[in-house]
Structures are given as C-alpha cells and as structure tokens.
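See structure below.
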Amino acid sequence: MQKIRCVVERITYQNPENGYSVLKCRVKDHSDLVPVIGNLIDANVGSVLICEGNWKVDPKYGRQFLAENWEETLPATVYGMEKYLGSGLIKGVGPKFAKKIVQKYGVDTFTVIEDNIEVLIEIEGIGKKRVKMIAESWERQKEVKNIMLFLQEHQVSTSYAAKIYKQYGNDSILIMKENPYKLADDIWGIGFKTADQIAMKLGFTKESYLRLRSGLMYTLSELSNDGHVFAEKKQLIDKASELLEASEETIIMTMDDMIRKGELILEKDIVRLDEDGSRVIPIYLPPFYYAELGVAGRLKKLSSSPAGDKLYTRLMEAREKSGNDALSLGIEAIEQKTHMKYDKVQADAIRTAATAKVMVLTGGPGTGKTTTTHGIISAYKAYGLKILLAAPTGRAAKRMTEATGLEAKTIHRLLECKPPEGYKKNEEDPLEGDVLIVDECSMIDIVLMNSLLKAIPPTMRLIMVGDIDQLPSVGAGNVLRDIIDSGAFPVVRLTRIFRQAQTSRIIMNAHRINEGKMPDISNGKNTDFFFIENEDAEASVSRIVKLVKEKLPKYYHVETSQIQVLTPMQRGVVGAANLNLSLQEALNPQEQEIFMRGRGKVTVQKECLRRSGYAFRVDDKVMQIKNNYDKEVFNGDIGIIESVNETDRTLKVSFDGRSIEYDVSELDELIHAYATTIHKAQGSEYPIVVMPIMMNHFVMLQRNLIYTGITRAKKVLVIVGTRKALSYGVKNVTVTKRNTLLKERLAL
C-alpha cells in the first residue's frame, strides 16, 4: 500500500448509510485536485489527512486514490495551515483571517497561537474579544483532536468527539478508558454498540459486569423505543443473550444484582397471564415504572376529588336537592351561544364534561371532535371557568388555537420546561385554572403524561381529546388506549360523519380504511384524493419530485412549502432519507442562479454545513428529532434554516419565528423534512400530502399507519404506489402489542 498526505478541498459525495465518500484533495506534486475515495465520513474541508491505500484508474472518473486507512493530522505546510485555520474548526477564524494570520507568521503560525496568542491583536480586524474566542476554540480543538485520535485508534467514528468533549471535558479519555459503557448512558447518539466497540479494543471481556449491565439497559431502552414500558423477563433475557453473546446464567445474575440495587424494577403486585397461560414477569427501567405508577395514581386521585369551579358546585348542589344523579346542563343555551346544533352524542359529551373530573372525547375525522370541544368550552366559559388548552406538538397547539380562538400551548411550554432542572410546573407549583383540555392525546407517552399530571391540582378538570385509531405515541406506552380500555373514566365516542365532511373523499376513505375496506381510488376532476399507480421505486421517486416541484404548485397555486411528503419508512429507495436527498436537490440545490446588476445571471454556491454525509443549506426544511430542553425545541418540531455561518460552523433554524442556533456537532439532532415518516407527522396537518405506498414498505404497512397518513392531509392527498401495497396495508391489523400495565393499574 502507498501513503499520501493531502488537504481536503471539497467534499463531492458522502453516503451516510455506509460512510462511502468522495473527496477532492490537494496532494503534493499533483497540479490538479486528486479524488480520494473510501470510508472518510468524518473528514472536514481543511482537514489534513494521511491516507494509506492504492491508486486506481476508473474508466469514467480517471485516476483516483482508494483510501483503506486514514488519520487526521495537523498541517505542516503554510498552505495547509491556512486551510486548517479557515475551515471553521477554530471559531473566530474564517478564510479571511486565516490568510492574514498565515501571511504574517508563516510556518510559525501554530507556535504563535500555542505560545503567544495575544500577538494576534496586531492583525487588523482582530480585537481582544476575537483573540479570546480563538484561544478558547484552539484549546478545545486540541483536546477534541486527542479524543478523535483515541477513537480512530479503536476504529470508532470520530464524529462523536465533540459530543464526548462537551460531556466530559478534559477527563474524556480517562472516562472512556475506565468505563466506555458510560458513553451509552450519558451521550445521546452514542449507543451500546459504539461503546462496546471501544470496550472490546480496550480488553473488556464479553462477560464483564459493566458490559452485561450496559447491555441489559440498552436492551430495555431499545424495547422502549418500540413503545414498550417494560420487558417480560424471558423476553429481556433472550434479547440480551442474543445481543451480548453471553450465557443466560451470567445475564440472570447481572439482572438480579441490578434489581437488588434498584437499577431495574421487578413488578410483583400485578398478575397478568400470557396467551399460553404462563405468568408475565415485568421488568422496568425505573423512569418508566414510576411514570406508569404515577399516571395511574394521579388519574384516580384527580377523578375522585371534587372540582373547585362554580359549574361543578352548582350541579352537585342541584343533584343533591333534586335527588337526580343524572342532572346536568341544558344544551339549548349552549347551541344558541355557539350557533350550532349538536346531535345526541355531542350533546351527551357536553353534559358529561359539565360534571366529569376526567373525561375522554374520541372520534375520527369529520365526526365533530372540534365542534364538540367548542361546545364544551362554551359551557365552561358561560360559568366563568378558566380554561387551559394544550397539545403535544407546536403544530397541533397552533391548530387548536385557530379552532377555538383561545391560546393553546405545547405541553412542554405549558409546564414551563426549564433545563436542566426540568419542568417548573409540578406538585409544588401546579397549573392555575379550572380545566385543562388536551388535544391529540394518542401522541402522549407515559413519561410526558406523568409530568403533565404532576402539574394538575386536585380541583382541576382534565378533558382528553384524541383519535384512538391513529398510531400510538412514538415514546413508550399506549396511554390514551389504556385509559379508555380501563373503563375507569367517562368516554364519549363520536362516530357519525357529518354531511359537510361527506363531500371529502379523504375523510370518507379514512373511515373506509378504518373499517378494513379498500378506499375509493377512482380519481376524478373534483376529488381531493388521488391515486397514481407506480410499481418501480426509482420511477416513483422521480414522480414524487415532479409532483412536489411542478405539478401540484402549478395546479393548486401553492408554494412547495405547503406540500409534505409522508412515507412509511426512513430507509430504502422510497424512504424518507432518500426522498429528502432527491427533494433537496430539486427544491434547494447547492448552486443557485441569481441576477446581479451589470453582470446578468451568475451562479453562486449556497453556504452549507455538512454532517454525517448530509448538507444543511439556507432555506432547507428540517426537523428536530430529539427533545432539546436547553433550546426549547422538541422531537417533531419543523423549521427552516435561515442562515449558515461556515466560519463559525453554526447555523440558525427558524421554528415558528423563534431563531435557534446549532453548532456543527449538534446537527445530528436535525434531519431534512421535505419528506418525513408518517410516525413523525402525528399531530400535524398539511394542506397537501404526497404519500408513497409500495410493497418496499411491506414491513411497516398497517391499517393504523395508512389511516394516520391519510388524515394528515387537509385539502389534497396524492398516493403514489400500487393497489397491492395499499390493499395489504388496509387488511393488516396485526399491530404490535405494547408491554404496558397502565390499564390494569387504573382498574385496581
């Protein structure tokens, strides 16, 4: 093998799935840039690499260097120093200042920065503030470089280096050597498998206690990602044995020790039998156990406590005087106030809400959930009740505000999330009001529901609104369904589809799908539901791009931002990741033509930052994929990149008018959102939805998934795919059962 030293000038291509990269590099004694190919996912523009590999001649692309091994090093040449300083790795130094610094100090540049950084103030434009910024960034970068070299030695992606440094500072390498499994516990994005890779290189054995403990925690965490609140003991042992390649005996010993220490919790009081009659033995991670226990206890306590408002007091007094326990509100006055006519079930919902402490209102699209909620609000307002409104996502809260005319907040904002302490609103400082109405409750997981209930005082009422036939929450639990199935609280189901909704084929087809019937896909000029037959996956991607970029905006006179592509899966040709690459290239390309006075049309490059093979550009549509309490941005929030600073390696995203800054090391919290999975679209509505449904997705094709996707479309839905795939999904009701005991706890 041969060895070359090169400076990365440009990143031509990167595949985040397998790390394959094509870099254009400056190599000594080569006049043109040299293509260097290989697994180089973590290399940055300006990085100086020493690559081991071989030269080859590609018939299409010419001479290339195929890198088999590589390491990053500090540059030795003046040119390399300038490139390195100007790459954005050192905050406060962009290409302009890098050139000035290197011109002044030449080959001594790094020595000057290391030993006598104050002299940089001699350079025009660099003040004390910038010198301080450069000094801090240089020190941090030195330590991050050491972490990168440590990770590289152990064949682990160096992209984690900045996160590790942010968590542990100068103790990073020491902690990784002592207990690499701590990384999996402490740092989002670093899983057990990465920590295990380091540990194996450091000589940890397969059956070491730290490894088995971390593997059990990881297995439970993975099950919670699939919606399970607990693991059945046998299920946990089987999955952990498979993952760890360790004996069942050592896994059971480790698990028993963790239960003794309180790191895991074994449920002993509730008896549930499996389908074969054997007893289920639930094992919980503590946060999920206490959340489930808390939700059950708090709901029962809330339901049994009297309300403190005027409406409740008067109705209870009237019931006592009349001896009529069914006495409630007269609906006629509410109908006059709202100028609405309620059917029997809607009227029952309003009457129930007048006396209930905890109540559920459920129904599909077009059944009048919003109208009924409006009636409930009017009844409360007539008696002067203070009403709070909330929803799990920003978009759902915004829609609730538009529908009711009252301010609705996300649950996180309602609870006044203050990191790192957590929620400001809790038992000690509860919410102030008479009633809380929460929409899109099918989205709420067990941990969030527990936090919400902690903040509800005993005298407050709770009305939960949601569509039980939608997908359950992304997080652990099946809260709304468990509450309904427990039979512990009043539940009103709206089933009648109102006349105005019957003109929408989206709504009628959603109900047909819910009943297991094939939707009407006959198309037609005045319909809002279209089906485009397409069997080939690649051709479907091209068709979707054309629909979003040209056909739909032209026909419906809308911006492309009003169109959302929803897909069953993240991976694959017609998965969200690949669709995003194609849609980004079509809607927001790197090169852009602009008109300049005196020069006519010129092509300019949009500023962008790269992370894990993805390019983030100004005007890109992006989604947050984890709760970030520091930034007050939450999983599923969608925003637009408003600026990119290549010098500081930061960008700003506008989330509903709030500008949030991200460092390049935080970009794994963002994904492009031109296309997104149906799971991620819960609680949102879009004017126009384009949805591929193909047999490529068959592992995900389920009735509630297709139903949820269709009901995200407000005005127009276009399905691209095959009848076979659509039919398969409609018939498939084998929804994976979630491990939860909330229903049983509520029924106790």
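What you see is a predicted model; the values in this text were computed from it and never measured.
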Going by heavy atoms in the side chains, are [X] and [Y] under 4.5 Å from each other?
| X | Y | result |
| --- | --- | --- |
| Ile190 | Ile164 | yes |
| Ile532 | Arg543 | yes |
| Glu642 | Ser659 | yes |
| Cys25 | Val7 | no |
| Met1 | Glu52 | yes |
| Cys6 | Arg26 | no |
| Val720 | Met691 | no |
| Leu120 | Tyr105 | yes |

How many angstroms lie between [atom1] in [X] and [atom2] in [Y], if you round to the nearest 0.5 Å?
| X | Y | atom1 | atom2 | result |
| --- | --- | --- | --- | --- |
| Gln197 | Leu202 | CD | CG | 11.0 Å |
| Gln64 | Leu23 | CD | CG | 11.5 Å |
| Asp536 | Asn696 | CG | CG | 9.0 Å |
| Gln590 | Cys608 | CD | SG | 4.0 Å |
| Asp32 | Lys24 | CG | NZ | 9.5 Å |
| Met133 | Ile126 | CE | CD1 | 11.0 Å |

Tell me every residue that passes salt bridge (Lys or Arg N to Asp or Glu O under 4.0 Å) with [X], counting only those two or more places apart in sequence or in another chain.
| X | answer |
| --- | --- |
| Glu666 | Lys166, Lys631 |
| Asp108 | none |
| Glu118 | none |

Pair Arg617 + Glu585: basic N to acidic O under 4.0 Å: yes
Would you tabulate the side-chain donor-acceptor contacts of residues 672-681 under 3.5 Å, counting partners in other chains and residues two or more places apart, or write 'none'?
| unit_1 | atom_1 | unit_2 | atom_2 | d |
| --- | --- | --- | --- | --- |
| His672 | NE2 | Gln584 | NE2 | 3.3 |
| His672 | NE2 | Ala615 | O | 3.0 |
| His672 | NE2 | Asp620 | OD2 | 3.2 |
| Tyr674 | OH | Asp620 | OD1 | 2.5 |
| Thr677 | OG1 | Lys680 | N | 3.3 |
| Lys680 | NZ | Asn635 | OD1 | 2.6 |

Trp188 and Glu669: side chain donor to acceptor below 3.5 Å: no
No-hydrogen, no-angle side-chain donor-acceptor test under 3.5 Å, Lys621 and Gln564: yes
For a quick test of reading the model, state the closest non-hydrogen atom pair linking [X] to [Y] and the distance between them.
| X | Y | result |
| --- | --- | --- |
| Leu33 | Pro35 | O-CD, 3.8 Å |
| Ile113 | Ile117 | O-CB, 3.5 Å |
| Gln2 | Asn54 | N-OD1, 4.1 Å |
| Val102 | Thr109 | CA-OG1, 3.7 Å |
| Ala725 | Leu701 | O-CD1, 3.6 Å |
| Val36 | Ile4 | CG2-CD1, 4.2 Å |

Is the side chain of [X] donor-acceptor paired with the backbone N or O of [Y] at a distance under 3.5 Å, no angle test?
| X | Y | value |
| --- | --- | --- |
| Glu559 | Ser561 | no |
| Ser208 | Phe204 | no |
| Arg211 | Leu244 | yes |
| Ser214 | Lys182 | no |

CA sep, side-chain torsions, deciding dist, call: Ile640, Val653, side chain to side chain contact (heavy atoms under 4.5 Å, CB included): CA-CA 5 Å; Ile640 303 292; Val653 182; 5.8 Å; no
[X] atom [atom1], neighbour heavy-atom count above 12 within 6.0 Å:
| X | atom1 | result |
| --- | --- | --- |
| Lys606 | NZ | yes |
| Lys99 | NZ | no |
| Arg10 | CZ | no |
| Glu661 | CD | yes |

Intermediate values then yes/no, side chain to side chain contact (heavy atoms under 4.5 Å, CB included), Thr194 and Leu183: CA-CA 9 Å; Thr194 301; Leu183 299 175; 5.8 Å; no
Residue pair Lys163, Asp668: steps toward the salt bridge (Lys or Arg N to Asp or Glu O under 4.0 Å) verdict: CA-CA 11 Å; Lys163 281 191 166 192; Asp668 57 354; 2.6 Å; yes
side-chain hydrogen bond (donor to acceptor under 3.5 Å, both in side chains) between Tyr181 and Asp196, worked out: CA-CA 7 Å; Tyr181 295 104; Asp196 199 36; 2.6 Å; yes
Pair Leu670-Leu667, side chain to side chain contact (heavy atoms under 4.5 Å, CB included): steps then yes or no: CA-CA 5 Å; Leu670 294 175; Leu667 293 185; 4.1 Å; yes
Pairs satisfying salt bridge (Lys or Arg N to Asp or Glu O under 4.0 Å), at least one member in residues 121-135, at least two apart: Lys104-Glu122
Tyr629 ring center within less than 6.0 Å of Phe634 ring center: yes
ring-ring contact (aromatic ring centres under 6.0 Å, His included) involving Phe150 - partner list, sequence neighbours excluded: His154
Test side chain to side chain contact (heavy atoms under 4.5 Å, CB included) applied to Ile671 and Asn580, step by step: CA-CA 9 Å; Ile671 56 171; Asn580 270 316; 5.7 Å; no
Trace of the ring pair (Phe, Tyr, Trp, His ring centres under 6.0 Å) decision for Phe65 with Trp70: CA-CA 12 Å; Phe65 189 82; Trp70 65 281; over 10 Å; no
